[in-house]
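First comes the structure, then the notes that go with it.
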Amino acid sequence: MLELHSNGWQSGPIFFAASFRQRWRGLRPAPRDHGLLLAARSVHGWGMRVPIWAVAIDRDMEVVSVARLRPGRILFEPGAHFFLELPIDRPPPSPGMQLAI
């Protein structure tokens, strides 16, 4: 388990999805007490019961975009190197924030 942070923001506990299965599963069916970081340019909400925050992060760990991902939807961000999935009740970082582990 790890945590990302920036000036005035902390992710809380997150797991890194290292395998295909972990990336494919994501936070389904609903987030528990942690987020998920995965190396990807897209994420999906298939099988989700509730919306989540999808935070696109570039290879320099700068937040590119933040979107509310609803169940059954797909989000694609060409500039992303990573996606951070967070429970909707956890505040996401703002675009432009530089993140560190």
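Computed from a predicted model, the values in this text were never measured in an experiment. The first residue of the sequence shown is numbered 1, and numbering continues consecutively from there.
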- In Å and rounded to the nearest 0.5 Å, what is the CZ to CG distance from Arg41 to Leu75?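 Separation between the atoms: 13.0 Å.
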[X] versus [Y]: any side-chain heavy-atom pair under 4.5 Å?
X	Y	value
Glu3	Gln10	yes
Val63	Val55	yes
Pro87	Ile52	no
Ile14	Leu4	yes
Val64	Pro78	no
Phe15	Leu2	no
Pro13	Asp33	no

Holding to side chain to side chain contact (heavy atoms under 4.5 Å, CB included), I want the full list of residues that pass it with [X], two or more places apart in sequence or in another chain.
X	value
Arg68	Pro51, Trp53, Ile88
Ala80	Ala56, Glu77, Phe83
Ala18	Phe16, Gln22
Arg70	Arg73

Show the nearest heavy-atom pair for residues [X] and [Y], with the distance to one decimal.
X	Y	answer
Gly35	Leu86	CA-CD2, 4.3 Å
Phe76	Ser42	CD1-CB, 3.8 Å
Leu36	Ala17	CD1-CB, 3.9 Å

- Query: Are Leu37 and Leu69 joined in one hydrophobic group, where the rule is that I, L, V, M, F, W and Y side chains link up if heavy atoms are under 4.5 Å apart?
  - Reply: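 No; Leu69 is not reachable from Leu37 via cluster members.
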- Message: Test of understanding: clusters of I, L, V, M, F, W, Y form through side-chain heavy atoms closer than 4.5 Å, transitively. Do Leu38 and Ile101 belong to the same one?
- Response: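 No.
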- Message: Phe82 vs Met61, test: side-chain contact (heavy atoms from CB on, under 4.5 Å). Steps then yes/no.
- Response: CA-CA 8 Å; Phe82 298 100; Met61 296 302 288; 3.9 Å; yes
- Message: Please check this pair: side chain of Ser6 against backbone of Gln98, looking for a donor-acceptor N/O pair closer than 3.5 Å.
- Response: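 Side chain of Ser6 to backbone of Gln98: a pair is present.
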- Asp58 side-chain N/O to Asp60 backbone N/O, donor-acceptor pair under 3.5 Å: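 Flag set: sc Asp58 to bb Asp60 pair under 3.5 Å.
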- Task: Name all residues meeting the ring-ring contact (aromatic ring centres under 6.0 Å, His included) criterion together with Trp46; count only those two or more places apart in sequence or in a different chain, and write none if there are none.
- Result: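 Result, ring-ring contact (aromatic ring centres under 6.0 Å, His included) vs Trp46: His44.
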- Task: Only pairs at least two apart or in different chains count here, so list each side-chain hydrogen bond (donor to acceptor under 3.5 Å, both in side chains) that has a residue in residues 79-94.
- Result: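 Those involving residues 79-94 do not exist here.
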